[in-house]
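Report on the structure given below.
None of the values given here were measured: they were computed from a predicted structure. Any value given below was found using the heavy atoms of this structure, including those in side chains, with hydrogens, waters and symmetry copies removed. For this chain, numbers begin at 1 and follow the sequence in order.
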Amino acid sequence: MTMLHQDANPAPDADGANPVLRTDFQKSVAAYWNNNPNDDRVNTKLGEVDGLFHHHYGVGEPDWSVIEGPEDTRQERLVKELHRLETAQADMLLDHLGDIGPGDRLMDGGSGRGGTSFMANQRFGCHVDGVTISEYQAGFANDQARERGVTDKVNFHFKNMLDTGFDAGSMRAIWTNETTMYVDLFELFAEFSRLLQPGGRYVVITGCSNDVTGGRSASVSWIDAHYGCNIHPRSEYFKALAANNLVPITVTDLTPATIPYWELRTHSELATGVEKPFLTSYKEGSFQYLMIAADKVGR
């Protein structure tokens with residue numbers, strides 16, 4: 001999306017240097033997560049299952065038996081199953097990061113409350129830096145890191161992923177998980193290309209509009225309005241990757257794998273009303289759930 005104008009008095013970052021919140025739009029996104037953490041019922045409730053707090057959706061075939069059996073425990077079973085599917089999505093993303101070792105450094109762009117960052121550290125033993133424009137999220141995730149005893153390896157920063165301030169070539173891999181609809185892709189991928197080592201890997205999972213349908217459907221526009229974002233067309237990802245020396249090696253349409261998750265969510269008391277437009281847009285083909293893994297070429 002096109003970012004809004006530079007504010008006259010932007011908020012400083014955690015080090016008092018370059019501003020983190022550069023536009024009115026960024027300030028509004030940050031304010032939502034800073035001021036409404038307890039309203040985030042779905043992510044909070046699911047994260048309480050095992051302490052991994054995600055801010056994305058799920059993939060895979062559900063265990064439909066969870067909607068059967070005793071009614072008094074049905075919602076508890078649904079929460080656990082939805083959380084399992086969201087964790088499976090994060091596992092799939094990590095599967096595509098390539099050959100990662102304990103000495104490597106990774107970055108989680110738009111890290112939320114840290115679920116996937118902790119999973120990456122647990123799997124690879126690597127160092128992970130999460131960045132978020134929400135001071136609440138960074139604080140929550142750092143508290144989680146202390147509770148888990150991994151502050152020497154996993155850290156979360158109040159930073160803007162468009163301009164992190166990290167050293168060039170310092171990252172072996174970077175991922176974003178349902179966060180790219182809040183930023184300009186060309187600006188974002190320029191920063192990621194700067195941060196990645198030659199041969200480093202970037203993986204994105206995102207919802208995107210389908211160019212073939214010739215424009216946004218009513219359901220895609222509804223999702224945009226609900227989340228206060230600007231969903232990019234599919235082609236925009238590939239244009240921005242190519243412009244920044246990031247070459248796709250795998251492209252996976254996860255739409256069929258995520259539809260069952262949304263169908264299961266309609267049975268949950270945590271359903272928010274977004275389920276219908278997601279299902280409509282996915283099934284009509286106007287919206288796609290995509291995973292792209294791309295390697296940095298050149299220097």
Taking the cut-offs as 6.0 angstrom to the six-membered ring centre and 45 degrees off its axis, would you call R265 and F278 a cation-pi pair?
no
Parallel, tilted or perpendicular, as decided by the 30° and 60° cut-offs, for the rings of W222 and H226
parallel
Indicate the ring-plane relationship of Y237 and H232, choosing parallel, tilted or perpendicular according to the 30° and 60° boundaries.
perpendicular
Report the C-alpha distance between R84 and D63 in whole Å, list the side-chain angles of each, state the deciding distance to 0.1 Å, and finish with yes or no for salt bridge (Lys or Arg N to Asp or Glu O under 4.0 Å).
CA-CA 10 Å; R84 183 186 71 82; D63 176 2; over 6 Å; no
Salt bridge or not between D163 and R194? Use side-chain N to carboxylate O under 4.0 Å.
no
Can you see whether Q89 engages Y289 through a side-chain donor-acceptor pair at a distance of less than 3.5 angstrom?
yes
Stepwise side-chain contact (heavy atoms from CB on, under 4.5 Å) test for I133 and Y182
CA-CA 11 Å; I133 60 172; Y182 289 99; over 6 Å; no
If every non-hydrogen atom of S219 is compared with every non-hydrogen atom of T280, which pair is closest and at what distance?
OG-CG2, 3.4 Å
Hey, mind stepping through W64 and L264 against side-chain contact (heavy atoms from CB on, under 4.5 Å) and telling me if it holds?
CA-CA 8 Å; W64 292 103; L264 184 67; 3.8 Å; yes
Run the side-chain contact (heavy atoms from CB on, under 4.5 Å) test on I174 and M161 for me, step by step, so that the C-alpha distance in whole Å, both residues' side-chain angles and the decisive distance to 0.1 Å come before the verdict.
CA-CA 11 Å; I174 298 171; M161 64 180 178; over 6 Å; no
For atom CD of Q122, is the number of surrounding heavy atoms from other residues, nucleotides or ligands below 6.0 Å larger than 12?
no
Group every Ile, Leu, Val, Met, Phe, Trp and Tyr by side-chain heavy-atom contacts under 4.5 Å, then state whether F192 and V251 land in the same group.
yes
Verify the distance criterion only: is there a donor paired with an acceptor across the side chains of N210 and S286 at less than 3.5 Å?
no
Quick one: pull up CD in Q144 and CZ in F53 and give me the separation to the nearest 0.5 Å.
5.5 Å
Is there side-chain contact between I100 and R123, with at least one heavy-atom pair below 4.5 Å?
no
How long is the straight-line distance from CZ of F156 back to OG of S117, given to the nearest 0.5 Å?
4.0 Å
To the nearest 0.5 angstrom, please state how far the CE atom of M181 sits from the CD1 atom of I223.
9.5 Å
Determine yes or no for a side-chain-to-main-chain donor-acceptor pair under 3.5 angstrom, with T176 supplying the side chain and T179 the backbone.
no
Looking at D129 and K159, does any basic side-chain N land under 4.0 Å from a carboxylate oxygen?
no
